[in-house]
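Data block below; observations after.
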Amino acid sequence: MYSDPTFLVIQTLNGLQLAMLLFLLSVGLSVVFGLMNIVNLAHGTLYMFGAYFGIWVYNLTESFWAALALAPLGVMLLGMFFYEILIKKLRNAPPLQQVLVTFGLIFVGLDAVRMSWGNLATSIPKPEIFSGSVLIFGEIYPSYRLFIIGLGILVMLVLYFCLERTRVGSIIRAGVDDREMVSCLGINVDLAFFGVFCIGCYLAGLSGVVAGAVFPVEPGMDMSVLILTLIVVVVGGLGSLKGAVVGSLMIGLAETYGQVFIPEYASVTIYALMAIILLKRPGGLFPARAVQ
Amino acid sequence: MSRKLLEVENLQAFYDLSHVLQGVSISVMEGTVLSVLGRNGAGKTTLLNSIMAVLKKREGRILYAGKEIQSLPAYKIASLGIAYVPETRGIFPSLTVKENLEIAARKSVGTTNRETWNLDRVYQLFPQLKDRAQNGGAQLSGGEQQMLSIARALMTNPDLLILDEPTEGLAPRIVQEIESFLTELKKEGLTMLLVEQNLSFATSLADQIAVLGKGQIKWVGSPQQFMKEMEIQHTWLGV
């Protein structure tokens with residue numbers, strides 16, 4: 001079975017699908033880390049809220065696309081609120097304080113979800129157009145997964161264009177290099193950072209909605225994905241789009257292949273991979289800044 | 001009809017527990033060049049970082065064009081028309097040479113009628129940068145980095161240019177080139193605050209010299225007077 005190329009293609013697609021979800025989650029986290037040295041452990045919580053907001057909008061409108069369009073915006077507003085009341089004040093705080101406060105937010109988020117939507121697992125129905133399957137080398141494959149892969153690639157391209165070809169993108173890259181120098185050129189870096197933070201929240205919400213149609217939506221869905229996301233950020237290197245792309249592809253595929261090809265070691269595959277990479281490259285594969 | 005463009009009054013600055021600047025007062029007249037000389041550790045870079053609010057732990061008054069700026073964040077200070085060429089040059093390695101320049105581009109805020117700096121004009125002044133436009137900021141030589149840092153500062157169309165040891169670690173030929181650029185800028189009427197260890201460079205460019213030692217201003221005067229002050233030179237600069 002393992003040598004069957006069709007099987008390999010199917011598993012690779014599954015891996016890519018996971019990779020794209022991880023990419024949507026990790027890119028914001030990584031750039032925010034890199035730009036402002038802020039550790040936001042509650043990033044997974046935003047993902048969970050994305051899924052629940054998605055269900056909420058779906059129940060009101062019965063449209064997946066309305067959920068996809070509106071829920072991430074709601075998550076962004078939520079992120080902006082937390083930025084104003086908490087994150088802003090943590091900007092110059094030591095990492096431990098940032099970790100404790102944002103870790104606390106995870107529990108607040110968890111209870112807020114339980115109180116609002118209960119403990120039962122639910123899900124967002126897939127959109128009609130992607131509810132069926134396609135044939136890939138004679139195998140049946142759910143088309144919604146291909147939609148996730150396509151969406152991930154689209155977001156990658158849009159982010160790449162914005163980061164590499166626009167002035168705002170230059171400011172963000174320069175801010176990761178040397179924040180103070182950017183300020184000394186008369187540019188409000190904090191504003192650029194706030195923008196990046198908002199986009200990060202939006203993408204976390206987006207991945208929540210998208211994932212809500214394949215994975216169960218339940219309280220605690222944020223924790224498993226948070227760990228994978230942090231691994232992606234660490235493996236890819238802080239602050240770079242390239243790192244987030246390569247990191248999520250590696251971790252997404254390693255996780256999927258590990259479960260299929262070496263199930264007895266599946267629980268450690270990605271951790272072993274992370275350990276090896278960090279031994280060779282302590283700053284991750286493509287850190288935006290050289291490791292001090 | 002010259003006025004004080006920058007005034008620093010009784011500036012105190014601190015790094016952790018050490019009291020680096022102990023009541024520094026200097027002023028730069030519009031259209032002139034002030035060189036601040038001093039040994040390593042005298043507080044020269046601290047003075048510039050304090051003016052730019054890169055160093056925030058400081059007391060005293062800083063006035064630009066008559067307005068207090070010491071409570072403003074760095075980006076607001078810069079956008080009043082002050083450009084900074086730091087000792088580290090501050091080139092963004094992730095950006096190309098061209099992007100390094102474009103990111104800084106801004107219209108002049110002053111009322112002067114100096115010719116506007118844009119990409120074309122900067123490339124005219126520094127043709128090397130045009131050849132290297134698509135290179136990454138990290139791929140430049142020390143001299144090229146310094147030119148890029150000055151060129152980038154000019155792209156903000158400043159009224160005051162602050163330079164921290166622009167000749168440090170550069171070959172004599174490049175130092176000469178930079179000196180002639182800066183002389184040109186001075187002729188155009190650009191006000192400059194220059195920190196230097198290179199005495200001949202500083203004195204040939206400056207209208208006024210201030211000597212900084214142990215966090216205090218020890219002497220102020222013209223370059224001609226300064227050349228005669230052997231004792232000041234010996235005590236505070238180790239010449």
Side-chain angles (χ1 to χ4, degrees), chain A residues 30-31 33-36 88-89 91-94 159-196 236-245 283-292, chain B residues 48-57 69 72-109 134 136-138 145 148-149 151-164:
Chain A
S30 177
V31 176
F33 251 144
L35 194 60
M36 285 317 234
K88 206 166 149 183
K89 299 187 176 82
R91 250 182 356 217
N92 299 312
L159 289 183
Y160 176 82
F161 178 82
C162 293
L163 210 51
E164 297 292 329
R165 295 277 180 275
T166 66
R167 185 180 148 81
V168 174
S170 295
I171 291 174
I172 291 164
R173 282 181 293 142
V176 174
D177 283 343
D178 187 342
R179 182 157 40 123
E180 271 166 354
M181 191 62 228
V182 179
S183 309
C184 286
L185 294 173
I187 296 163
N188 188 348
V189 192
D190 287 1
L191 195 66
F193 166 66
F194 181 62
V196 170
L238 290 183
S240 78
L241 179 63
K242 196 173 167 190
V245 171
L285 293 170
F286 303 104
R289 253 184 312 217
V291 184
Q292 280 105 18
Chain B
L48 302 188
N49 280 344
S50 301
I51 294 171
M52 289 310 291
V54 170
L55 179 67
K56 291 171 193 72
K57 212 176 155 193
I69 59 168
L72 298 179
Y75 82 93
K76 281 200 175 146
I77 293 176
S79 58
L80 292 173
I82 306 181
Y84 188 24
V85 177
E87 195 177 7
T88 52
R89 292 158 191 155
I91 301 304
F92 305 119
S94 313
L95 272 59
T96 63
V97 168
K98 190 164 172 246
E99 286 172 334
N100 262 283
L101 292 168
E102 281 170 340
I103 192 178
R106 194 145 36 82
K107 287 199 185 90
S108 167
V109 285
Q134 296 309 321
Q145 282 190 19
L148 177 55
S149 192
R152 189 178 58 186
L154 292 175
M155 289 291 283
T156 69
N157 281 295
D159 295 314
L160 171 65
L161 180 60
I162 298 183
L163 302 128
D164 194 352

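The figures here come from the full heavy-atom set of this structure, side chains too, leaving out hydrogens, waters and symmetry mates. Naming: A, B, ... by sequence-line order, numbering from 1 per chain.
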Side chain, backbone, both or neither: which part of B:Thr156 has an atom under 4.5 Å from a heavy atom of chain A? side chain

If I measure from the heavy atoms of chain A, does B:Glu102 come under 4.5 Å with its side chain, its backbone, both, or neither? backbone

I'd like to check [X] versus [Y] (side-chain heavy atoms, cut-off strictly below 4.5 Å). Are they in contact?
X: B:Arg89; Y: A:Met181; answer: no
X: B:Phe92; Y: A:Leu185; answer: yes
X: A:Val189; Y: B:Tyr75; answer: no

Could you look at A:Val182 and say if it's the side chain, the backbone, both or neither that has a heavy atom under 4.5 Å from chain B? both

Heavy-atom proximity to chain B below 4.5 Å, by part of A:Arg167: side chain

Can you measure from CG (A:Asn92) to NZ (B:Lys56) and round to the nearest 0.5 angstrom? 7.5 Å

How many angstroms lie between atom CD1 of A:Ile172 and atom CG of B:Leu95, to the nearest 0.5 angstrom? 11.0 Å

If only atom types and distance count, is the side chain of B:Arg106 paired as donor or acceptor with the main-chain N or O of A:Ile187 below 3.5 Å? no

Between the main-chain N or O of B:Gly90 and the side-chain N or O of A:Asp178, is there a donor-acceptor pair closer than 3.5 Å? no

On a heavy-atom basis, which atom in [X] and which in [Y] lie closest, and how many Å separate them?
X: A:Ser170; Y: B:Ile103; result: O-CD1, 3.7 Å
X: A:Ser183; Y: B:Ala78; result: O-CB, 3.8 Å
X: B:Val54; Y: A:Cys184; result: CG2-SG, 3.5 Å

Carefully, step by step, assess A:Arg173 and B:Glu99 under the rule side-chain contact (heavy atoms from CB on, under 4.5 Å). CA-CA 10 Å; A:Arg173 282 181 293 142; B:Glu99 286 172 334; 2.9 Å; yes

Counting neighbours of NZ on B:Lys76 that are heavy atoms of other residues, nucleotides or ligands and sit closer than 6.0 Å, is the number greater than 12? no

Who wins among B:Pro73, B:Ser79, B:Ala104, B:Pro93 for the most heavy-atom pairs under 4.5 Å with chain A? B:Pro93

